[in-house]
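Taking it in order: structure first as C-alpha cells, then the write-up.
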Amino acid sequence: MHDIRAIRDNPAAFDARLARRPAVAPISAEILAIDERRRARILAAETAQAAQNAASKEVGAARARGEEAEFERLRALVAEKKAEVARLTDEAAVEDGRLRDLLLSIPNLPLDEVPEGAGEEDNVELRRWGEPKAFGFRPVEHYEIAGVKPGMDFATAAKLSGARFVLLRGAVARIHRALAQFMLDLHVAEHGLTETWTPVLVKDEAMVGTNQLPKFAEDSYQTTNGWWLIPTSEVTLTNTVAGDILDEAALPIRMTAHTQCFRSEAGSAGKDTAGMLRQHQFEKVEMVSITTPETSLDEHARMTRCAEAVLERLGLPYRTIVLCTGDMGFGAQKTHDLEVWLPGQNRYREISSVSVCGDFQARRMNARYRPAGAARPEFVHTLNGSGLAVGRCLIAVLENGQTGDGGVVLPQALSPWLGGKGRLTPDGQLV
RNA sequence: GGAGAGGUGGCGGAGUGGUCGAUCGCGCCGGUCUCGAAAACCGGAGUGGGUGCAAGCCCACCGUGGGUUCGAAUCCCACCCUCUCCGCCA
C-alpha cells in the first residue's frame, strides 16, 4: 500500500513512477480528490465531536450546581451534536474506506533501476551459470522418461482430484522429498535462515498483508468457513511480523519454510497442462526476510544468491534475469527470476522468483521497527523468494539427469537424503 | 463441541460510571552524584489521525464491533483470541 502523504507531496512523481508499469493510468488526481473529501469530513466530524465533548462536560457541572434549565439546555445540545457527529463520522468512514480500497488496489512502484518493458520479452538477463548438457540423444520431458513414469501418476491423481494434480509414488516421491529436505537444510545450516513451520490456512487479513487480497481472490482457494489456503508461505512468513514494532537489533529476520502451496491457476487454461509444471497443489521452500530500509537491496542480492546456491549444488544450469516493469508482480519493487534449464522443453523455465517489496507490504500489515536510539517507529522492508519450487526442481533434476535409456543420474548433493543412492533405473527403481 | 477464567501502554499489573490516555513496578531515554560504573535521586517518554509555518491545539484508541448513558476501560449484547478442565481426535 502506498503512503498517502507521499502522493500528496508529489503526485506527479507518483504517477510517473507508476506509469512505468504498462497499462496503468495516472491515478493521483483521483486519489487526492478522495483524500480531500476524506479530510474535510474528518475535520467536520472532529469539530462536532469536540463541541459535544465540551458540552458534555458542562452538563455534569450544571447539574451539580442545581441549574435545572441550563442542564436541560446542554443536554439538548449534546443530543444534537451527537446526531451530527454520527452522521459526519459515517461520511468520513466512507471516504476513508474508499481511499484505502483504492490504495490497496494500486501496485508497488518499480525501482528506477528496473528495466522498462511490456512483458516477458523485455526482461534482462543478468547472468548464466552452467552449460546445458549436450545429450547424445533427443532429451524428453520429465513425464516421458521411462524410469519416471511408474512414480508420477497423473491418472490416479485425476481420479481423486481432477486435472492439474499429481500423485507421486516410490522413488520419484522420495526424490521429491529429498529435494525439499536438501533445500531446507542448506538454507538453515549454510545460509543462516530460521526454519519455520507454518499454518497453510489463513485469515483474510494475512492475505491482504501480502497483497493476494483484495485484488487476486480468484487465484486462491477459500474454505467454507472463510480461511484461505496459502498460495505460498510468503503469506505466513511475512505476516509473522504483522502489527509488530520490532527492535532494530532484531533485524534482519530471515526465515525459511517448506509448505504446501495452493493455486487455482485461474486464467492459465491450456498453459503447461502436461506434466507437473503447473499444479493446483505443490510444495515450495520459501525464504522471507524482514529488514531495515537501508539494507533491503543488499538483502535482495543475498537472497538471490541463496536461491542460486540450490541450483548450483544440484548442478542445474540456470540463468538469472531481472524482470522488467511489465512482468513484475503486484507487490514488488524489483524481482529476480531464476530460470532453470529444462532439456525436455529445450528452454529455461522459471523456478524461483525473488522480490524486494520495500515498505509496500509492511504498510498493509502495519509491520514496523524502532530504529536504534530514534523515537518513532518506521515501516520495515520485506522480501520473499522461492528457494525453490520443489516440484519444478524435481522436473529439472529428472530432465537434466536423463541418460537416454529411460534412467536418470541424480545429483551427488542429494545423496545424503537418498540413503546414498544416486540413480533412477529405467524401470523406476532407486539404486 | 461443553464449562470456567481472562484479554489494559515494551513487559508485569491496578483501575467497576465523570476530573482516566489511564496508579504502580520493571525495562528504556536524559540528568545529578562518581575517576568510571552501580545504587540513590530528579526529569522524560504510547500509537494513529486531523489542523497549523511553528509552538501547539483537537479527535480516536484499555481484544473487535454494536448498544445503554448528558458522560463508558468501567454497564449490556455479539464476535474473536488466550489459558484451565471435560469431550473428540492425527
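Chain identifiers are assigned alphabetically (A, B, ...) following the order of the sequence lines, protein sequences preceding nucleic acid strands; residue numbering begins at 1 within each chain. Please read these numbers as outputs of a predicted model, since none were measured by experiment.
- The interatomic distance linking A:Arg39 (CZ) with B:G52 (C1') rounds to 13 Å, in whole Å.
- When distances run from any side-chain atom of A:Leu43 to the nucleotides B:U51, B:C58, B:C70, the shortest one goes to B:U51.
- Checking the phosphate oxygens (OP1, OP2) of B:G50, a side-chain nitrogen or oxygen of A:Arg5 falls inside 4.0 Å.
- Ring centroids of A:His280 and A:Phe262 are separated by 6.0 Å or more, keeping the two rings apart.
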Provide a list of protein-nucleic acid N or O atom pairs under 3.5 angstrom, restricted to nucleotides 53-57 of chain B.
none

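- Residues that satisfy the ring-ring contact (aromatic ring centres under 6.0 Å, His included) test with A:His258, not counting sequence neighbours, are absent from this structure.
- Base-pairing analysis of RNA chain B finds the following stems of at least three consecutive Watson-Crick or G-U pairs, with both pairing distances under 3.5 Å: B:1-7 with B:80-86, B:10-12 with B:24-26, B:28-32 with B:40-44, B:46-51 with B:56-61, B:63-67 with B:75-79.
- The phosphate of B:U47 has OP1 or OP2 within less than 4.0 Å of a side-chain N or O from A:Arg370.
- Within 4.0 Å of A:Arg368, counting heavy atoms only, lie sugar-phosphate atoms of the nucleic acid but no base atom.
- At a threshold of 4.0 angstrom between heavy atoms, the contacts of A:Arg41 with the nucleic acid are absent.
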Under 3.5 Å, N/O pairs linking protein and nucleotides 18-22 of chain B:
unit_1, atom_1, unit_2, atom_2, d
B:G18, O6, A:Arg63, NH2, 3.2

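- Taking the C1' atom of each, B:C81 and B:U8 are spaced 15 Å apart, rounded to whole Å.
- Rounded to the nearest Å, the gap between the C1' atom of B:G46 and that of B:A40 is 28 Å.
- Among the protein residues, A:Arg8 comes within range of the sugar-phosphate backbone only, with heavy atoms under 4.0 Å from sugar or phosphate atoms but none that close to a base.
- One interatomic measurement links the two molecules: CG of A:Asp35 to P of B:G49, which rounds to 12 Å at whole-angstrom precision.
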_Does the protein touch nucleotides 60-69 of chain B at the base, only the backbone, or not at all? Give it as B, S and - per nucleotide, heavy atoms under 4.0 Å._
S--------B
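- Under the salt bridge (charged side-chain N to carboxylate O under 4.0 Å, His left out) criterion, A:Glu80 pairs with no residue at all, not counting sequence neighbours.
- In the set B:G71, B:U47, B:G49, B:U47 carries the atom at the smallest distance from any side-chain atom of A:Pro377.
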